[in-house]
Enquirer: 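This is the structure I want to talk about, given as structure tokens.
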Amino acid sequence: MQKYLQKAVCNQLTRASIAHFGQSQKPPVRVAITGAAGQIGYSLIFRVASGEMLGPDQPVILHLIDLPFAMAALNGVVMEIQDCAFPLVQGIVATDNQAVGFKDVNYALLVGAKPRGPGMERGDLLKENGKIFTETGKFINDNASRDIKVVVVGNPCNTNCLILANQIKDIPKENFTAMTRLDHNRAQYQLADKLGVHTSDIRKIAIFGNHSPTMVPYIDQMTAKNHKATVDQQWVTQTFIPTVQQRGAEIIKARKLSSAASAGNAAMNHITTWVNGTVEGDYTSMAIPSDGSYGVPKGLIFSFPVTVKNGKYSVVQGLPISPFYQGLLDKTIKELVDERNAIDHLLK
């Protein structure tokens, strides 16, 4: 495996390829993906390389990071990227050394995490991932670009992000987020299907809380085709919310594998919106460091409805919270506080 260690595969653009993309004047940005040889990483890498995440005129250098045992498989992924001859890919770094992997990186999609094994309690999973994200946080702080934007995908992503951000001393904490865009996308489809409209017609919905079965799909301000839309409350409580909350488990039951393509897609959506901004009159869902909004304890990594402009997100304030939704919020807040307490020793 040593021959793969710190391997840098530089696949320089040919002049013909550059001409094909109209002589892009933008300098390349560096995009890191951890767990790059895994299912989600594989579903994500080629879309990033094609320009779908950052735009058709944005060259990229891919930093693909995985564990030593996965380096042979990762080398195969590198060969496939080369064989695609992506015009925007100006270089590939494939490594199991995080100092190399995060060097000067501008965007990081942290997919790799320890999965929950048979009989493993959530507290045990938090502790195991705590070690991983403590180390990763230090490497990002010491090596990455000072303006890096990070999304944690690996579960339990909210608290993994909390652990990660605690290690950061020299980069703004607001640059560290966790992914609830998958839950947002799931909710958007269920509502569009119920109302008989396209997913793009559904606006002003959000996910509050943890990326877990306690998440809160909020739809009280929903519009469809720019008009206020309502759905039957019984359907909301008995079908819609449980479907969104349990969708991941249903996919595992059906596929015998966890969500991969949809998770990779959501991670890419998260970064794209962070870079390009939200649509006027709409918001999205991001798990971010709480500033105390909606009674959420400060510092928790909590999903809120946010608007994004010029690369900066802002929590949507003043949404009406009914007693029904407040009860759900209280549960997800408690879960995240309990998770924080379980790894409190890592935050000191």
Side-chain angles (χ1 to χ4, degrees), residues 155-158 178-267 269-270 273 278-288 293-296 302-307 315-336:
N155 287 318
C157 65
N158 295 58
M179 186 182 81
T180 52
R181 184 61 174 267
L182 178 56
D183 312 307
H184 185 105
N185 290 349
R186 287 167 170 168
Q188 193 171 21
Y189 171 78
Q190 294 298 323
L191 291 163
D193 186 57
K194 176 68 173 177
L195 292 170
V197 298
H198 193 271
T199 52
S200 62
D201 294 324
I202 300 295
R203 295 189 177 186
K204 294 187 177 180
I205 65 169
I207 302 296
F208 279 95
N210 201 2
H211 174 64
S212 79
T214 69
M215 74 181 75
V216 183
Y218 177 87
I219 64 170
D220 270 7
Q221 301 300 300
M222 175 180 62
T223 64
K225 294 188 174 181
N226 296 317
H227 296 286
K228 188 76 169 70
T230 58
V231 286
D232 177 70
Q233 186 63 27
Q234 184 175 356
W235 177 81
V236 171
T237 58
Q238 297 183 8
T239 302
F240 169 68
I241 291 178
T243 296
V244 177
Q245 290 175 332
Q246 301 292 338
R247 188 68 159 186
E250 287 299 307
I251 289 171
I252 291 172
K253 183 178 177 181
R255 291 186 72 228
K256 311 302 184 225
L257 294 167
S258 60
S259 306
S262 57
N265 177 73
N269 294 161
H270 181 111
T273 301
T278 45
V279 174
E280 186 70 27
D282 197 11
Y283 35 83
T284 190
S285 302
M286 294 173 66
I288 61 176
S293 295
Y294 296 96
V296 178
F302 196 89
S303 184
F304 289 100
V306 299
T307 55
V315 176
V316 177
Q317 299 291 345
L319 295 177
I321 304 297
S322 67
F324 168 74
Y325 274 117
Q326 188 61 58
L328 297 179
L329 279 173
D330 291 342
K331 289 179 183 177
T332 200
I333 291 170
K334 181 180 184 304
E335 182 178 60
L336 280 168

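Counting begins at 1 with the first residue of the sequence.
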Enquirer: Side chains of Gln190 and Thr243: any donor to acceptor distance under 3.5 Å?
Expert: no
Enquirer: Can you check whether Trp235 reaches Lys194 side chain to side chain, under 4.5 Å on heavy atoms?
Expert: yes
Enquirer: Go through the steps to decide whether Asp201 and Leu195 satisfy the test side-chain contact (heavy atoms from CB on, under 4.5 Å), and finish with yes or no.
Expert: CA-CA 10 Å; Asp201 294 324; Leu195 292 170; over 6 Å; no
Enquirer: Can you give me the closest heavy-atom contact between Thr307 and Asp282, atom names plus distance?
Expert: CG2-O, 3.7 Å
Enquirer: Out of curiosity, Ile202 CD1 to Lys225 NZ, how far, rounded to the nearest 0.5 Å?
Expert: 10.0 Å
Enquirer: Taking Phe208 as the fixed residue, which of Tyr283, Tyr294, Tyr325 is the one that meets the ring-ring contact (aromatic ring centres under 6.0 Å, His included) rule?
Expert: Tyr294
Enquirer: Does any non-hydrogen side-chain atom of Pro305 lie less than 4.5 Å from one of Lys204?
Expert: no
Enquirer: Kindly give the heavy-atom pair with the smallest separation between Ser259 and Ile251, and that separation in Å.
Expert: OG-CD1, 3.4 Å
Enquirer: Hey, are the side chains of Thr284 and Asn269 touching, using non-hydrogen atoms and a 4.5 Å cut-off?
Expert: no
Enquirer: Looking only at atom types and distance, does a side-chain atom of Thr332 sit under 3.5 Å from a main-chain N or O of Asn210, one as donor and one as acceptor?
Expert: yes
Enquirer: Got a sec: does the CD of Gln317 have more than 12 other heavy atoms crowding it under 6.0 Å?
Expert: yes
Enquirer: Tell me, do Met215 and Thr180 make a side-chain contact under 4.5 Å, heavy atoms counted?
Expert: no
Enquirer: So, using salt bridge (charged side-chain N to carboxylate O under 4.0 Å, His left out) as the criterion, who are the partners of Arg186 when residues are at least two apart?
Expert: Asp183
Enquirer: Under the 3.5 angstrom rule, does the side chain of Arg255 hit a backbone N or O of Ser258 as a donor-acceptor pair?
Expert: yes
Enquirer: Does Lys228 have more than 12 heavy atoms from other residues, nucleotides or ligands lying within 6.0 Å of its NZ?
Expert: yes
Enquirer: Taking only residues two or more places apart in sequence or in another chain, which ones pass ring-ring contact (aromatic ring centres under 6.0 Å, His included) with His184?
Expert: none
Enquirer: Does atom CD of Gln234 have more than 12 heavy-atom neighbours from other groups under 6.0 Å away?
Expert: no
Enquirer: Would you check if there is a donor-acceptor pair between the side chains of Arg181 and Thr273 at a distance under 3.5 Å?
Expert: yes
Enquirer: Just how far is it from atom OG of Ser262 to atom CG of Asn185, taken to the nearest 0.5 Å?
Expert: 8.5 Å
Enquirer: On a heavy-atom basis, which atom in Ile219 and which in Ile205 lie closest, and how many Å separate them?
Expert: CG2-CG2, 4.0 Å
Enquirer: Are any of the side-chain heavy atoms of Ile321 and Tyr218 separated by less than 4.5 Å?
Expert: yes
Enquirer: Please round to the nearest 0.5 Å and tell me the distance separating atom CZ of Phe324 and atom OG1 of Thr237.
Expert: 6.0 Å
Enquirer: Taking all non-hydrogen atoms of both residues, which atom of Ala206 and which atom of Ser285 are closest, and how far apart?
Expert: CA-OG, 3.3 Å
Enquirer: Would you call Pro156 and His211 a side-chain contact if the rule is heavy atoms closer than 4.5 Å?
Expert: no
Enquirer: To the nearest 0.5 angstrom, please state how far the CZ atom of Arg203 sits from the CG atom of Leu191.
Expert: 15.0 Å
Enquirer: I need the Ile288 CD1 to Asn158 CG distance, nearest 0.5 Å.
Expert: 11.5 Å
Enquirer: Is there a side-chain contact (heavy atoms from CB on, under 4.5 Å) between Val315 and Phe302 once you walk through the steps?
Expert: CA-CA 11 Å; Val315 176; Phe302 196 89; over 6 Å; no
Enquirer: What is the minimum heavy-atom distance between Ile241 and Pro217, and which atoms define it?
Expert: CG2-CD, 4.1 Å
Enquirer: Just by modelled atom types, is the Lys331 backbone N or O under 3.5 Å from a matching donor or acceptor in the Thr214 side chain?
Expert: no
Enquirer: If every non-hydrogen atom of Ala187 is compared with every non-hydrogen atom of Val244, which pair is closest and at what distance?
Expert: CA-CG2, 3.8 Å
Enquirer: From Met179 CE over to Ser303 OG, what is the distance, rounded to the nearest 0.5 angstrom?
Expert: 11.0 Å
Enquirer: Do Leu336 and Val296 touch side chain to side chain, with heavy atoms closer than 4.5 Å?
Expert: no
